[in-house]
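Encoded as structure tokens, the structure appears first; notes follow it.
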Amino acid sequence: MVALDKLPCEVLMHIVQYLSNERKSLKELRLTSKALTDPATSILFYSLAQTISTQDLEKCSAMTEDLKAGRTSVFHYTKNFILVTILMVPQTMKNILEPWFELWQVLIPAMPNLQTLKWIYGPSTDHPIAWVNNLVKVLGVQRNLKHTYLSIINLPPVEFSLGPLSALRSINVRWGIDGKPIHDSEPNIEERSFISQLSALLGRCPDLESLRFSVSCHRDKERWGVPSSTLKLLLGGWSALSRPLRIREAVFENVTVDPEDISLHLRHLHYLEELIIHPAELSTPTLFGEVYSLLQEAEIHLKIMDVDSLQKPGVIQYVASYRGLERLTIDSNDPLDDSPQIVERFVSSFHMHCQSLKSLRMKIRRISPWPSAIVEHLYSHAEEYMTLRELHLRLCFTQDDLDFMKGVSQPLNDLLEAATLLPELQRLECSFAICKTGEPAIDNPMTGPVMGPSNVIVFMKSCIEYFKNVHDPIFEIELLGINMNSTFTQCTTGTSQVIPPFSRPHCMFLTDMLRLDDLPDDVLAEIIERLQDDPQSLRETRLTSKHFNRLVVPVLFSTIEHVPSESYRGQLKCLDMISDLRAGKKYIFSVTRQLVLRLDTELLYSSFQESLGPWFELWDIMLPTMKSLRSLHWTYRPSDTYSTGWVNGFLRTLGAQNTLVDLTLVLQGAPPSLELSLQPISNLQTISIHWEIFEGSSPGSIFQQRKAAFISQLAGLLGRCPGLRSLTFVASRFLYPVTDSVPRITFGALMHGVRPPTQPLRLRRLNVEGAIVDPEDIRFHLGHLQNLEQLSIAFDPSPSASTQFGEICSILQVGDIHLKSMSVATPGHPGVSSYISSYCGLEKLVLNSLYSSDDSPAFIEPFISAFHGHCQTMKVLEVNINRLSPWPKAIVVHLRTRAIDYTALQRLRLRLCITQDDVSDNKDDNLQELLEVAMQLQALRRLECSFVAYKTGNYTFDWTDFKDLVEPLCGSKRPSQIHMFMERVIAGLKQTYRPTFNIVVL
């Protein structure tokens, strides 16, 4: 057995750190071995706290003697010192205080590494001011002291001096005073003396980075806060500084902040990242707005912001003027901030920071529209908040909610549903406010009026517990002030009754069997969840109860799909819906969020043109009732069997839906008629166009005219969507050889309608397939691509496509655009490897090489080396090269040697080179090697593998040439032998290796 003294220092430190929370065990452990003394002592004495106490007088005297005699050196490990100089006993005698001040005179010099001081000081006549000032002098000698937290209860005497302190980087002062009359605008002598001391201290700290000044006082006085001139006196010390400070944090609580004070010292605030202003009651919203107007003019961009008032436009304009806010707290105390215009404008302004916002806290304590507005906004734009990790919200319940539990679950359910859509959320905090005006605020939900807030807490806890059991969220949920692992006790008439987490306090068991209406909403939600895969049963069950029906309708009618039919039954159903809508009987479409329309059935080739008329009439009546419609998926095959006027009428009605943000258009066959107009549609955020050009579509002059007109319509649509975030254009023409006269579409023609405006687009996703993407078009529209995160360019029909993609990557590199998702069609161009190696942060890489010239080792090694630079962030790696090439082997070899570096890789997809000879010889080396590599990837969740189908397939290859197939006989005649071989081998390897990730053979 190895002796403890023989263990390496890092092992001993690991042992000590493991016991860091067990101070008693750590004290005993350090006595067992000299080797453990220093590691244990460094943790035990890293932070030290001392409070004046009569019980520890003997210990105090002993420490003083040891320090004077030099018998202890443990305090040179101390970096944090908490000092409480408040006498905590009734008898205030000088002989109690003297030993402690004597101790600190020798203790503080014994802390040469002291960096942070937290001093809680209660001035009193029992504290001789000379002792206190001597203590400050000793602290002033500590040159490593950089951070101070000074909490002063009541005013210190005028003799109090902070003169010895200097060169601090962080100053945090909390000052406790009594409220003063509202008309006292000037500080008294004690106040002025103390503020002057602080001001002088600021002037002696040229490296100051953080300033926090808070006033705590009684709110039941006529006025709480300090005189309005306090801040001006406090910051006066900065005038003595010759060079500007680099203040990064500034917090002022219960202090009137005058814009002139900020303007005077603006040169010290150019590096400001955090500003929190909780003004005194005397402060007005006008001053609050002017402060942020000054910051906007000086181009000071905060990362942390706490907003108290929103009435003046200066606040909203400032938030909307830049990007990069990381933490936002909304803590309004004024009901005037609840104006719908203010709410809408402010939500829209902080949405500009969706890519950087990490924490969003809404702490408004009154009943207001803010919680519902924020939840609705997050639900609609959740995917854009890629960095939001913490969300805090106070939900609003009315008196009826508290008394009868009506609708309490809806705000909470909406919040939980929105939270699940936030991709990076780690913590959700929720509480509730039951005050109408916000005063007095009820911070602790367990205390409050006798309206039964405990019932609300019980029900909220039940909903959260049910949500966690059903959805298993990856983020933490906390109901503030509540332990989510406990039940609640409700006292009724002197007895206590334990309420289980899933019971509802107001449920009444009138019979042996509960009615459906009596069940809690969380139980009904579980019923709906279990029946969700059986729509027919769900439709039938909703007829049994009106309450249950209200819960089912949003599930059943969230997505509606219409496929026009000329059958008698289909026509009758269409006419019935028209009749009901005209009579005002249909309300179900108000919850519809997605509409799927398919105009591609055999009906379009029939001569019964009148069969389509009722369907277009139905859509004209139905669309205005869809108040929540956000997405349209429209499959459209132009045909001469029905009027283009009907389609244009449908588009006009659709354009009136100001809630529509997502359009997917699948266009089949030839271009639409010249009369088709997309003009009514605008303000979309996501546009996806898939043009499927079938074999037999004539590329004649009429085709060309219609094509040009349709592309012009798309370009105009893009120009009418200033908030566009995602653009996908796919032209599938794979049945045509590359040399024929099929019309070619260019990216420049698509973007013709969005010439660089004063407010450029902020495209995040761009996917182009089957269209020519010229580097000059990318350069011309680079202003719209500054926020681009995902780029995919595939099947570019240009003869020079192999070099164009490399040039595009070079343009992105010069423009400092860092993609998170990238699809590479030509890895052989040096511009591609150069761009990928120029930054870090790529999360998804798809390799789709179509040129055999890319198989040169001179191209493979630089490309692999380039994407290895993203090993810490890459989550998805797909290699879809569909020809026999050295790429799969090279990727596997690289991952084998560098698997430990790919800590984030969750999905791996690879096409393996497996031939019929490998199947005959039962040669599974490729598969076994791939699985061995996959086992080393610690974060892998899914492995997808398939086999290469072609021997020499390339961009101009004739895909109907079966002689080039690796397995010519696969297809309809018999199943693929290679595929069956891969499945058989994978099944055996699973039993051998027992991987924790899923393996799929494609």
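When reading the values below, keep in mind they use all heavy atoms of this one structure, side chains included, and skip hydrogens, waters and symmetry mates.
- Nearest heavy atoms, Ala382 versus Leu421: CB-CB, 3.3 Å.
- A donor-acceptor distance shorter than 3.5 angstrom exists from the side chain of Ser321 to the backbone of Tyr318, with no hydrogens or angles considered.
- With hydrogens and angles ignored, the 3.5 Å screen pairs no side-chain donor or acceptor of Ser348 with any backbone N or O of Glu344.
- Across all non-hydrogen atoms, the minimal contact from Asn683 to Pro722 is OD1-CD, 3.7 Å.
- For the pair Ile374 and Leu360, the minimum side-chain heavy-atom distance is below 4.5 Å.
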Point to revise | Chi angles and distances behind the side chain to side chain contact (heavy atoms under 4.5 Å, CB included) call for Met626, Ile560 | key: CA-CA 11 Å; Met626 295 181 171; Ile560 291 180; 4.3 Å; yes
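- Within 6.0 Å of CD in Glu376 there are 12 or fewer heavy atoms belonging to other residues, nucleotides or ligands.
- A distance-only check finds a donor-acceptor pair linking the side chain of Thr659 to the backbone of Leu629 [under 3.5 Å].
- When all heavy atoms of Val343 and Asp337 are compared, the closest pair comes out as CG2-O, 4.1 Å.
- When Arg762, His351, Arg764 are each tested for a side chain to side chain donor-acceptor pair (under 3.5 Å) with Glu384, only one passes: His351.
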Practice item. Check the pair Tyr292 / Leu302 against side chain to side chain contact (heavy atoms under 4.5 Å, CB included), numbers first and verdict last. Key: CA-CA 10 Å; Tyr292 286 100; Leu302 298 176; 4.1 Å; yes
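- Glu390 meets the salt bridge (charged side-chain N to carboxylate O under 4.0 Å, His left out) test with Arg361; sequence neighbours excluded.
- Side-chain atoms of Arg327 and Ile276, non-hydrogen and from C-beta on, do get closer than 4.5 Å to each other.
- Using modelled atom types, one side-chain atom of Arg725 and one backbone atom of Gly723 make a donor-acceptor pair closer than 3.5 Å.
- In this structure, the side chain of Ser356 engages the main chain of Leu325 through a donor-acceptor pair within 3.5 Å.
- Taking a 6.0 Å sphere around CD of Gln786, one finds it holds more than 12 heavy atoms contributed by other residues, nucleotides or ligands.
- In this structure Arg212 satisfies the salt bridge (charged side-chain N to carboxylate O under 4.0 Å, His left out) test together with Glu249, Glu274, sequence neighbours excluded.
- The shortest distance between side-chain heavy atoms of Met386 and Pro423 falls below 4.5 Å.
- The backbone N or O of Gly324 sits nowhere less than 3.5 Å from a side-chain atom of His301 that would complete a donor-acceptor pair.
- Separating the CG atom in Leu763 from the CG atom in Leu724 is a distance of 5.0 Å, to the nearest 0.5 Å.
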Practice item. Could you walk me through whether Glu843 and Glu789 pass side chain to side chain contact (heavy atoms under 4.5 Å, CB included), step by step? Key: CA-CA 10 Å; Glu843 297 180 357; Glu789 296 179 352; over 6 Å; no
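- With sequence neighbours excluded, the residues satisfying salt bridge (charged side-chain N to carboxylate O under 4.0 Å, His left out) with Glu383 are Arg765.
- Minimum heavy-atom separation, Met352 to Ala320: CG-CA, 4.4 Å.
- The OG atom of Ser688 lies 8.0 Å from the NE2 atom of His633; values are rounded to the nearest 0.5 Å.
- For the pair Met305 and Leu275, the minimum side-chain heavy-atom distance is 4.5 Å or more.
- Going from atom CG of Leu269 over to atom CG of Leu294 covers 10.0 Å, rounded to the nearest 0.5 Å.
- Atoms CG and CZ, on Asp261 and Phe252 in that order, are 9.0 Å from each other to the nearest 0.5 Å.
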Check your understanding: Yes or no on side chain to side chain contact (heavy atoms under 4.5 Å, CB included) for Ile277 and Asp306, after CA distance, side-chain angles and deciding distance?
Key -> CA-CA 7 Å; Ile277 300 175; Asp306 196 325; over 6 Å; no
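- In this structure, the side chains of Arg630 and Val661 come closer than 4.5 Å at one or more pairs of heavy atoms.
- Distance CZ/Arg593 to OH/Tyr379: 4.0 Å, rounded to 0.5 Å.
- With a 4.5 Å cut-off on side-chain heavy atoms, Pro369 and Asp338 count as touching.
- With ring centers used as reference points, His377 lies 6.0 Å or more from Phe346.
- To the nearest 0.5 Å, atom NE2 of residue His353 and atom CD of residue Glu326 are 11.0 Å apart.
- Looking at Leu761 and Leu727, their side chains never come closer than 4.5 Å, going by heavy atoms from C-beta outward.
- Here the closest non-hydrogen pair linking Cys721 and Ile687 is SG-CD1, 4.0 Å.
- Checked by atom type and distance alone, the side chain of Arg720 pairs as donor or acceptor with a backbone atom of Ile681 at under 3.5 Å.
- The two atoms that bring Thr387 and Gln355 nearest to each other are CG2-O, 3.3 Å, heavy atoms only.
- Counting heavy atoms from C-beta on, the side chains of Met622 and Leu595 come closer than 4.5 Å.
- When atom types are taken as modelled, the side chain of Gln296 and the backbone of Gly314 share no donor-acceptor pair closer than 3.5 angstrom.
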